[in-house]
Every structure is written in C-alpha cells, then in structure tokens.
There are 2 protein chains.
Amino acid sequence: MAEMIAQISCASCPLRKLPAFSRVTEGEIEFIEKFKMGELHGKAGGAIYLEGAASPHLFTLLSGWAFRYKTLPDGRRQILNYLFPGDFIGVQTTLEVAMDHGIEALTDVRLCVFSRGRLNELFAERPGLALDITWLAAREERILDDNLLAVGRRKSSERIAYLLWHLADRAAESGLLNKDGSLDLPMTQQHLADTLGLSLVTFNKTLQRLRRGKFFSFENRRLEILDEDAMMKAAAVYRPSQPTRPLI
Amino acid sequence: MAEMIAQISCASCPLRKLPAFSRVTEGEIEFIEKFKMGELHGKAGGAIYLEGAASPHLFTLLSGWAFRYKTLPDGRRQILNYLFPGDFIGVQTTLEVAMDHGIEALTDVRLCVFSRGRLNELFAERPGLALDITWLAAREERILDDNLLAVGRRKSSERIAYLLWHLADRAAESGLLNKDGSLDLPMTQQHLADTLGLSLVTFNKTLQRLRRGKFFSFENRRLEILDEDAMMKAAAVYRPSQPTRPLI
DNA sequence: CGAGGCCTTGACGCTACTCAAGGCGCGTGG
DNA sequence: CCACGCGCCTTGAGTAGCGTCAAGGCCTCG
C-alpha cells in the first residue's frame, strides 16, 4: 500500500499551521529537514506497521486518520488509540524490539518518514525537539490511561459517550471539525466497538439508547455534540475539583 | 505520609545494581547527583501523588511497590499499572497540568526526588539520560497497551493468568523473585481486580477455577508459576511469529 | 476477646455476548 | 436500467458471564 514520494520542504509542512507546532524555531525546521527521509502516502485500510514486524522508521502523521491496535491469537482485536495529524508514530518501540502492535490507516494518509537510527542525533543536537517528543509520548500515555479507565470501569453507555466526546475533543484540537461544529468520523461502528471492548451488537444497541437522550447526534458517521454537559454526565466524566492539598 | 530525608549519594544508589542501569557513565552519575533534590520515604498505603493535585516533582522509585490509578466520580477505581524499583514517576504530566491520576504506595517505599522544572536542563546537557527517560516512557506505554488489550478483549480467566504472568515477569526483571523463584506480592485481590476491570468476587471465583489447573500456585499472596507454557496458554498470549513482510 | 481486613462461597439478576436475520446504500456488471 | 453482491447498520431472541448482595471463616492486632 505504501508509496514513497519525493522530498517536500518542512517549512511548508501543513502541521505548522496547528497551534501546537507554532513555536518551532527556524533552526529546528532546518534540522528536521535533514532528519526527514521522505514522505509516504498510504491508502485507507492499508497497514502502516504490521503487528510483529520490525520497522526502522518513525513517522509523523501529516494528514488523515489512523489507529493503533493489538490482536489476540484468535483474532479478537483491541484498538489502542486513534492517531491524528501531528501525532508521532513509533516512539513506542525501540530499535531492536519488533512492533508489538499494528497501525492501520482509516483514510488515505500522508506520513512524514524519519530515520529511527538517527534519533539519538536529534536528542544530542536538538534538546528542544527531544523534549517535544517526550511530551507527545506523555500525552499519548495520558490518553491510554483514560481509555483504560473507560474500558475497565465504565459501563457500555458511559464508554460510548466518553469515546465520542474524546474524539470530538481531539478533532477540535487538530482542526478537523466542520464549520458547523460537526465532525465526520472515518471509522465504522466495529472500530468503535473494538476501541471500547464491546461487541458490535452491544455497541449498536447501546448507541440507539443513547441517541434517545438527544444530547448528541451521530448519523451516517457524522457526529455532533449538542449538549456538552449532558455528554460529560453520560460519560461519567468530571472535571477534578481543585487540588486537595499539595504534597511536599 | 511523606518524610523528606537527607541527601544520599547516587554513586551508591541501589538501582545501579540492576542490569538496566549498569551502563550509566560516571559523568552522568555526577549530573544526576546535582539534579536530585533528596530522598523521600513513604509508608504502605500512603499517597505519592493525589489525583487532581499538581506536583512540581519527579520521582524514581528506589525500593518498594506502588501503583498508578484513576477513579470515576462515584469511586470506581482502575489501577493503570504497577511501579517497580527503577521506574520513573511523573513524566506523564507536564509542568502546568494537574495530575490526572493518583499514585499510591503498596509497601513502604523509598523515592528519589527530582525537580521537574530542571528537566529541560537534563535534556540539554545529558541527551543520553534524556533518551533513557523517553525509553522508559515508551516501555510504560507498551505495558499500558498490553493491559488495555487484556481488559478490553480477554475474558476473566485469561486476564488473571495474564496479569500474574506479567507481574512475575516484571518482578524477575527487577530482581524481586525469591531464591526459589516464587514471588511475594504486596497487593490484595481487590487491587488485582481493579487492575483487570473485574469485581472482587469474580476475581476470586475465577482464581479458584484457575487454581485447579495447577500450572501456578498463588496462596497467601505468594505466587509461583509452575508451567510457563500452560500459563501463557491460559492467558491467550502468543509469541508473535516472524514478521510477515517488512514495509518500505 | 472483640474488631477489622481480607479471602471465600452461595444465590440471584442484569449486562453484554452470540447467533441470526433483515434493511439500506452503493458500486458493478449483465 | 435493474439485479446482485457487499459492507455496514439495525433489531430480535436466547444465553452466559460477570456483577451485586449477603454471609461466614480466618488471621492479626489492639
């Protein structure tokens, strides 16, 4: 599915428009340019990483949607998280270790390819960028924490409300919302069920039940959150109250 | 619960005995020494981080067991992962953001305290250590991936077998096994159930069922894996076969 | 000796799963 | 142009797994 294409300048990278990337300096751009190996285009449904294969590459998602997943021997699949433009792909694994999860494109994607072997160069020469990478990894870990809480301890209706709210939130960050605030999701209900540890049937039936609440709409893969408070309540989310007491 | 005590030399740090830390250079030790703010002793059951509180500190666990967790408003708790000696605590959060998970000590613990604000100094001056931190974060993410797969897609007996196997594995890495290969776990069945997204009762009943298989023993919190293959089979774990095909 | 923490077991009910079938929309080919 | 197949969504029926409630036992500690 993969097709390598010619170098494109980082200075004109679409990601630079995102607020999260605005403070990257000119010197850093210049360095990234050297670090970049090329650009990769993938088709919807194609594999970016295969489970169990080793890959010498790191990627940044330039455009499109993808997801990370793991499977059990008998085929049961768990989607770990969704990847949005600007997300870094592949820090999870080290040089020697084989990928223990797969990555698949949900839409056509454009990827920026980096050399994994030169990562220590980046750390040595551009500590600012290194810190950014670590920060991205930490953010991904927080998302995983949230997902684990949802799958482990929320009931089906809460899980669904949580996931839809979460996706809308991340999409907003990445500037993927439509003008009217709605969001077109590329994944099927099977994907969403596999994210939440639910069966497709349970996902669908619970979704029907949630739809009757009217605080969001989700038809033909178009999601719109109509009442955020109601949504958060349905998701059993709370904004933690102010710090109880600082330690040491 | 926290009690700050006097500086202790990093050169004699107990972690240096672990294979993972053997290659730290003298220069790096010297730097760590400056970066270190002190040592903290905590009692079993005490909070290291509180959910929702901001903390300006980073820690390394020197000895003892702890766990990270999140809770829902109504008290349902999900344990995210367990912390072993050598694990880094607190990279998950950035400077400004409040902790969105809590950390609690399972046994008495000794922590090495670092200044979070000086993290960029570390990245600037010691890229090798920075890479180590990122590597630790990536490893933690892999563990979370595995947990998410277990909680989302394994059934209760598989989850329990998986968790016991995983704990034995990590304990072995950290040199916590008894001479006879058994392992004394500090957590209650309630902790384990909260790790796996199960109720205490289901955990216990399923454990009884698993015990009849005789491929491990787990009595009075002492765990011993008697037949690793049977254990992995019960856990629905597989060593992934060789890479299908390399991409690009 | 009593209290409390933890483990264990039984009874019962609900949630989520599997199996099964049908509908809708879209693309393809006769 | 319409029939057909396919992917995806939807719904019903029956079941199994897991959760809750409840109670009792064991051990430790005060």
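Protein chains get the first letters and strands the later ones, always in sequence-line order, with residue 1 at the start of each. Note that the structure is a prediction, hence the values are computed from the model and not measured.
A:Ser174 contributes no side-chain N or O that, together with a main-chain N or O of A:Leu176, makes up a donor-acceptor pair within less than 3.5 Å. With hydrogens and angles ignored, the 3.5 Å screen pairs a side-chain donor or acceptor of A:Thr107 with a backbone N or O of A:Trp65.
Remark: B:Glu158 engages A:Arg76 in a salt bridge, criterion side-chain N to carboxylate O under 4.0 Å. In this structure, A:Lys43 does not pair ionically with A:Asp108, as no charged nitrogen and carboxylate oxygen lie closer than 4.0 Å. By the 4.0 Å N-to-carboxylate-O rule, B:Lys70 lies too far from A:Asp145 to be salt-bridged with it.
Within residues 64-80 of chain B, no residue has any heavy atom closer than 4.0 Å to DNA chain D. Looking at residues 181-201 of chain B, you'll see B:Gly197, B:Leu198, B:Ser199, B:Val201 sit with a heavy atom under 4.0 Å from some atom of DNA chain D. Contacts between residues 149-163 of chain B and DNA chain C, counted as heavy-atom distances below 4.0 Å, involve no residue at all.
Atom CG of A:Asn204 is separated from atom P of C:dT18 by 15 Å (rounded to the nearest Å). Between A:Phe203 atom CZ and C:dT18 atom P the separation is 16 Å, expressed in whole Å.
Annotation: cation-pi geometry satisfied between A:Arg154 and A:Tyr162 (NZ/CZ under 6.0 angstrom from ring centroid, within 45° of ring axis).
The side chain to side chain donor-acceptor pair (under 3.5 Å) check on B:Asp227 picks up nothing, with sequence neighbours excluded. Annotation: side chain to side chain donor-acceptor pair (under 3.5 Å) contacts of A:Arg139 (sequence neighbours excluded): A:Asp87, A:Glu173. Residues satisfying the salt bridge (Lys or Arg N to Asp or Glu O under 4.0 Å) criterion with B:Glu104, sequence neighbours excluded, are absent altogether. With sequence neighbours excluded, no residue forms a side chain to side chain donor-acceptor pair (under 3.5 Å) with A:Arg221. Under the side-chain contact (heavy atoms from CB on, under 4.5 Å) criterion, B:Ser199 pairs with B:Val201, B:Thr202, sequence neighbours left out. Partners of A:Asn220 under the side chain to side chain donor-acceptor pair (under 3.5 Å) rule, at least two apart in sequence or in another chain, do not exist in this structure.
Proximity of the aromatic rings of B:His57 and B:Phe114 is defined here by a centroid distance below 6.0 angstrom, and this criterion is not met.
Residue pairs satisfying the ring pair (Phe, Tyr, Trp, His ring centres under 6.0 Å) criterion with at least one member in residues 207-226 of chain A, sequence neighbours excluded, are absent.
Interface limits on DNA chain D: the 5'-most and 3'-most nucleotides within less than 4.0 Å of chain A heavy atoms are D:dC8 to D:dA13.
There is a side-chain donor-acceptor pair under 3.5 Å between B:Asp184 and B:Asn178.
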Do any N or O atoms of the protein come closer than 3.5 Å to N or O atoms of nucleotides 23-28 of chain C, and which pairs are they?
none

